[in-house]
Amino acid sequence: MSAELTFPDQVVSAASNTKRQPALVRVTALICTLLAVSGATLLTILVKTGLEPRVDEFGRFVLLAVLMLFLAGWCQKRFRDQRLTHAALAFATATLFLMLAGLIANTGLRLQMPIADAGLAAADAALGLDMATVVRLTAETSWLTGPLKFAYNWSTLAVALLILGWLALGHHARAWELILTAFFCLQAAAIISVFFPAKGTAFFFDLGHLQGNGIPEGAAVYAGATFDWFYFGTQTVVGLDTLNGVVTFPSFHTVLALLATQALWPTKLKWPAIIWTAAVIVSTIPMGGHYAVDLAGGVLLWVAGCALAQWAVGSGQLEAATRSSAITHNP
């Protein structure tokens, strides 16, 4: 007769969780680092410019993020199914990162770094590319503007839905890979744009006459007034209504486009995702007023963000660690 050695479930869970803990540590460290860098950048900008964000408006987002963190902690201890925990954490981080990136990109314009449009256009020309011609050709191709407008306007929501889909299916590691990629790129794009402020091709090449004449009204010029308000203005109080998408270089819409393919690469929807990615990237030229080098910058940003996110999440370690943690809390 042989004796069988057994261990209590709690001991096995704790040992397994310890082995898989590095993924949680890396993800947490990356999020905290991004928040610290973004917070320090914003504080520096506010001190140098004297701009004052309205506490009553932006404070609500901080409060909401804190409440979602408490909800995530409660769900972690209450339920073995960790989908609500991850959803609450994702919502909390999204709230903070979106607020910080928006404030950095917009208030950073008040630093009045040299306007970069001429340099970006010259870089395109050095590559033999002329975005003004691309925009004019798009305006002359009436059947193309509708799909491109749709792709551009829905690119953000598409990525959000893909992340929610992976969370709902319980594929937490894949969801967090997308989340971390997106928010690293968002923060980096916002900070880089402070040093390369640009209004875009519609203004630099004087393409305003195409508005309503092949190019949808507002396309590529929607942030022009906001750019002028921050760059040339003297008002100091910043509210939610004063913010807009003012980042030209690097292109964050290019990152959003590539995130769709990243999300669906291991599935049978890979090829539709690639088509969608191509459509969004093309749309950034006539709809977003981007230069070609903006798109290249966005691609490089995505490559760096994707690699960093995959390192942080690890190969299945994050999902296994959170599952083990839930079992430990709910034996």
Side-chain angles (χ1 to χ4, degrees), residues 45 49 101-102 104-142 144-145 148-149 151-153 155-156 185-186 188-234 242-257 279-301:
I45 292 172
T49 61
I104 290 170
N106 283 266
T107 60
L109 291 172
R110 190 60 64 88
L111 293 172
Q112 294 185 324
M113 301 295 287
I115 293 179
D117 284 281
L120 297 173
D124 278 3
L127 296 171
L129 300 172
D130 181 4
M131 294 301 101
T133 299
V134 174
V135 175
R136 293 188 186 99
L137 289 174
T138 303
E140 295 170 2
T141 313
S142 58
L144 188 59
T145 55
L148 290 180
K149 178 183 178 181
Y152 187 82
N153 290 341
S155 55
T156 302
C185 294
L186 179 64
I191 293 172
I192 292 171
S193 73
V194 172
F195 300 94
F196 299 93
K199 294 188 73 172
T201 57
F203 293 99
F204 185 74
F205 293 116
D206 194 20
L207 301 174
H209 63 283
L210 296 178
Q211 296 285 306
N213 293 305
I215 298 298
E217 292 284 353
V221 299
Y222 56 86
T226 302
F227 185 99
D228 292 341
W229 191 93
F230 279 102
Y231 195 90
F232 300 108
T234 57
T242 59
L243 302 185
N244 209 331
V246 295
V247 176
T248 296
F249 177 85
S251 166
F252 185 67
H253 268 86
T254 299
V255 173
L256 291 172
V280 174
I281 290 177
V282 172
S283 75
T284 62
I285 299 171
M287 304 299 158
H290 281 289
Y291 301 91
V293 289
D294 300 340
L295 312 187
V299 171
L300 292 176
L301 206 57

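Side-chain atoms are counted along with the backbone in the values below, which use heavy atoms only and exclude waters and symmetry mates. Here, residue 1 is the first one in the sequence, and each next residue gets the next number.
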Closest non-hydrogen atom pair, [X] against [Y]:
| X | Y | value |
| --- | --- | --- |
| Gly200 | Thr248 | N-OG1, 4.1 Å |
| Leu120 | Ala198 | CD1-CB, 3.8 Å |
| His290 | Met131 | O-CG, 3.8 Å |
| Ala132 | Phe205 | CB-CG, 3.7 Å |

Answer yes or no: is there a donor N or O on one side and an acceptor on the other, between the side chain of [X] and the main chain of [Y], under 3.5 Å?
| X | Y | value |
| --- | --- | --- |
| Asn106 | Phe230 | no |
| Tyr231 | Met113 | yes |
| Ser155 | Leu256 | no |
| Gln211 | Ala219 | yes |
| Asp294 | Tyr291 | yes |

Indicate yes or no: at least one non-hydrogen side-chain atom of [X] is less than 4.5 angstrom from one of [Y].
| X | Y | answer |
| --- | --- | --- |
| Ile104 | Ile45 | yes |
| Phe204 | Thr201 | no |
| Val293 | Asp124 | yes |
| Trp229 | Arg110 | yes |
| Asp117 | Lys199 | yes |

